[in-house]
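Chain identifiers are assigned alphabetically (A, B, ...) following the order of the sequence lines, protein sequences preceding nucleic acid strands; residue numbering begins at 1 within each chain.
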Amino acid sequence: MSAIRTEGLSKYYGETRGIDDLTFAVDDGEVFGFLGPNGAGKTTAIRTLLGFQSPTAGTAEVLGADVTDERELIEARRDVGYLPAEPVFDEDTTGERALDYYGALRGDERSDHLLDLFDPPLDRKIGGYSRGNKQMLAIVVAFMHDPALLVMDEPTSGLDPLKQERFLEFLVDERDRGKTVFFSSHVLSEVQKVCERVGIIRNGRLVELEDVETLLARSGKIVRVRTADRVTVEEFSLSGVHDLSVDADRTGVGRSDGDRAGTVLSFAFTGEYNALLAQLNRYDVVDVEIEEAPLEEVFLRFYGDPASPTDAEHEGSDA
Amino acid sequence: MREIVRYETERRLPAAIAVSAGLSAFAGLFFAIGPSIVDEVDLAAYAEAFPPAFQSAFGIDAIGSLEGLFATELYQFGWILLLGLYFAYSAGALVAGNVEHGRLDLLLASPVSRTSVLLGKFLSLLAPMLLVNVVVGSVVYVGSALVDEPFAFADVAMAHLLSVPYLLVCAGLGLFVSVLVSSGSLAQRGGIGLVFGLFMVESVVTDTDFEWLGALSPTRYYDPTEILVEGTYDLAGGVILLEAAILLVIASALRFQRRDI
């Protein structure tokens with residue numbers, strides 16, 4: 001069975017496109033990443049799935065409930081945990097009271113366990129919370145009723161790196177417990193750590209639906225190399241090199257003789273690392289940087305133009 | 001829904017206590033200076049100095065007794081205008097501003113219906129409404145006995161009891177504006193504007209050919225001066241107000257049901 005299923009799901013705000021013709025399914029027990037640059041329509045899609053907004057066309061089901069049928073959706077929500085991109089609490093209440101309140105509304109089966117992992121200062125008023133503390137409180141609230149489906153919008157935003165790591169581990173544990181996880185992100189590396197499959201959304205449209213492995217193989221790494229000797233485009237032909245740019249190195253940095261005959265190479269690489277290293281070995285390498293291809297570059301490479309943000313995104317959401 | 005009412009009511013209590021204390025102090029002030037004003041100042045002449053519309057707006061023509069002074073200053077001004085605006089403003093904040101700032105997301109992600117969210121939030125206004133009436137009503141009744149000019153208990157009680165439907169209508173108007181517009185500040189100002197506008201309509205059309213227009217104004221159905229000075233109670237008016245309040249809440253719920261948040 002599918003935990004989430006959409007068919008031609010569209011949401012327009014007047015003439016402005018939020019999402020258009022989304023068709024995909026998230027299977028039970030799957031960790032699904034919903035990937036796209038800021039403003040692509042991720043938040044709009046999630047809000048439509050949760051029934052906050054009614055679709056202008058198409059249908060969607062969450063845990064078998066039609067998202068336009070409030071009664072069905074209320075039942076389904078008993079088993080859905082939602083973590084918004086920018087969780088907003090009433091600032092005049094304490095974290096403790098907020099937990100009581102949401103616990104009373106949706107049931108509290110394991111806030112104690114969650115508070116061991118994520119520990120916002122419960123006795124303080126939420127108005128005094130840092131962004132990270134609010135996010136941690138929202139995580140506890142979202143999962144305290146032990147839902148079968150976790151829906152999250154940019155869940156690691158606002159968490160410090162240590163807590164981000166802990167959160168991703170938590171997601172893996174949840175998956176191992178048989179939960180279905182659906183989360184949006186614009187950070188490829190975190191999606192890569194936990195997701196099995198991704199949907200890529202751009203300008204409100206689903207442009208790709210594939211396994212993470214495949215996507216990663218295609219996105220590759222961004223490589224920048226500085227050599228002391230001259231390198232030409234022709235001699236640096238290697239399979240898996242894309243968008244190669246070769247410039248004369250005018251800085252002379254790193255060379256004792258002050259010679260400025262070096263070269264700066266930059267390219268995206270999707271090939272064999274051994275082949276790359278063997279190739280680089282032929283030069284006098286001064287500096288190498290190899291980094292994850294930012295999602296924007298992946299888009300640039302595979303889908304032409306960098307995704308230009310639409311202004312249809314729900315306010316302040318995808319930041 | 002009970003949880004929502006409880007939670008929202010809790011959050012309102014500090015403000016409700018402050019409003020009750022403020023209006024109690026206002027009432028106390030009139031017990032301190034009221035008796036001497038009534039004795040020493042020719043209030044009938046004072047009242048006649050105002051234009052007729054103004055006289056009717058604040059019931060100034062009845063100002064010649066302590067009851068009349070209270071009806072004019074505390075009830076016409078404090079209840080009909082100040083509290084009316086206060087509840088319109090509070091209700092105006094229930095939906096629009098919360099939607100605007102994403103404050104309903106966590107609530108509506110819970111297994112609750114939109115109607116119960118709206119009703120729960122609206123009903124949380126009842127506690128401050130009752131609190132301010134009971135506190136200030138007691139202050140007025142006891143105070144009048146202390147200055148040896150006791151008001152009729154039934155009159156004071158009815159002045160407060162019948163104010164509840166009136167205040168519910170004011171809150172209902174605020175709520176309705178709040179579900180219609182998307183900006184929180186616009187909703188709050190709109191609620192205030194609507195209640196103030198209707199208050200002015202009733203005042204301006206009095207004794208004109210357009211007096212029927214005043215039937216639209218909730219102030220026509222609640223007259224504290226009549227209650228305190230003449231001891232007559234407009235129970236039918238109270239029922240009309242209650243019905244209007246219910247209709248406003250139902251219309252708001254229907255609108256909220258369909259709106260994107």
Side-chain angles (χ1 to χ4, degrees), chain A residues 11 13 18 43-44 46-56 62 65 68 70-94 97-98 100-107 126 134 137-138 141-142 144-145 147 151-153 314-317, chain B residues 1-18 90 93-121 123-125 127-128 179 181-186 252-261:
Chain A
K11 176 68 183 177
Y13 305 94
T43 300
T44 301
I46 288 177
R47 298 182 73 81
T48 310
L49 286 176
L50 290 167
F52 293 170
Q53 310 182 330
S54 45
T56 39
V62 172
T68 58
E70 195 190 25
R71 202 165 299 193
E72 281 184 22
L73 200 57
I74 290 172
E75 275 313 305
R77 280 199 211 115
R78 291 185 196 286
D79 238 349
V80 175
Y82 168 54
L83 182 59
E86 295 271 341
V88 187
F89 292 93
D90 294 315
E91 309 238 306
D92 55 356
T93 49
T94 62
R97 183 66 186 99
D100 282 353
Y101 181 43
Y102 289 108
L105 291 176
R106 28 177 99 168
I126 298 173
K134 272 187 204 163
L137 182 62
V141 165
M144 65 199 296
H145 54 303
V151 177
M152 294 166 287
D153 196 357
H314 196 270
E315 190 185 330
S317 49
Chain B
M1 189 171 80
R2 218 178 53 218
E3 255 333 293
I4 302 177
V5 178
R6 197 169 85 186
Y7 172 80
E8 296 289 341
T9 302
E10 242 171 61
R11 294 180 55 219
R12 285 193 187 285
L13 280 185
I17 291 169
S90 302
L94 291 180
V95 176
N98 284 327
V99 169
E100 191 181 11
H101 297 110
R103 272 194 291 263
L104 292 183
D105 290 7
L106 288 173
L107 188 53
L108 287 175
S110 311
V112 294
S113 67
R114 290 199 181 189
T115 303
S116 67
V117 167
L118 191 83
L119 268 183
K121 283 180 173 282
L123 289 179
S124 75
L125 293 169
V179 294
V181 305
S182 50
S183 145
S185 59
L186 182 64
S252 304
L254 289 174
R255 175 74 191 100
F256 185 53
Q257 196 75 30
R258 277 160 188 73
R259 111 173 234 177
D260 282 354
I261 66 157

- Give, as side chain, backbone, both or neither, the part of A:Tyr82 having an atom under 4.5 angstrom from any heavy atom of chain B. both

- If one checks every heavy atom of A:Ser54 against chain B at 4.5 Å, the contacting part turns out to be both

Nearest 0.5 Å, please: how far is [atom2] in [Y] from [atom1] in [X]?
X        : Y        : atom1 : atom2 : answer
B:His101 : A:Glu91  : NE2   : CD    : 10.5 Å
B:Asp105 : A:Ile46  : CG    : CD1   : 11.0 Å
B:Arg6   : A:Asp100 : CZ    : CG    : 8.5 Å

- Please test B:Val112 against A:Arg106 for side chain to side chain contact (heavy atoms under 4.5 Å, CB included), starting from the C-alpha separation and ending with a verdict. CA-CA 9 Å; B:Val112 294; A:Arg106 28 177 99 168; over 6 Å; no

- Item | CA sep, side-chain torsions, deciding dist, call: B:Arg11, A:Thr93, side chain to side chain contact (heavy atoms under 4.5 Å, CB included) | CA-CA 8 Å; B:Arg11 294 180 55 219; A:Thr93 49; 3.9 Å; yes

- Identify which part of B:Arg114 has an atom lying under 4.5 Å from any heavy atom of chain A, answering side chain, backbone, both or neither. both

- Where on B:Leu104 is there a heavy atom nearer than 4.5 Å to chain A: the side chain, the backbone, both, or neither? neither

- Item | Contacts of B:Tyr7 that satisfy ring-ring contact (aromatic ring centres under 6.0 Å, His included) - sequence neighbours left out | A:Tyr101

- Looking at B:Pro111 and A:Arg78, what are the two nearest heavy atoms and their distance? CB-CG, 3.6 Å

- What are the two closest non-hydrogen atoms of A:Ala104 and B:Glu3, and how far apart are they? CB-CG, 3.3 Å

- Message: Does any part of the side chain of B:Ile4, heavy atoms only, come nearer than 4.5 Å to the side chain of A:Leu105, both counted from C-beta?
- Response: yes

- Message: Please evaluate residues A:Phe52 and B:Asp260 with respect to the criterion side chain to side chain contact (heavy atoms under 4.5 Å, CB included), reporting the C-alpha separation (whole Å), side-chain torsions for both, the decisive distance (0.1 Å), and the verdict.
- Response: CA-CA 6 Å; A:Phe52 293 170; B:Asp260 282 354; over 6 Å; no

- Could you please spell out the steps behind the side chain to side chain contact (heavy atoms under 4.5 Å, CB included) verdict for B:Ser113 and A:Glu70? CA-CA 7 Å; B:Ser113 67; A:Glu70 195 190 25; 3.7 Å; yes

- Query: Using a cut-off of under 4.5 Å for heavy-atom pairs, which of A:His145, A:Lys11, A:Glu75 has the most such pairs with chain B?
  - Reply: A:Lys11

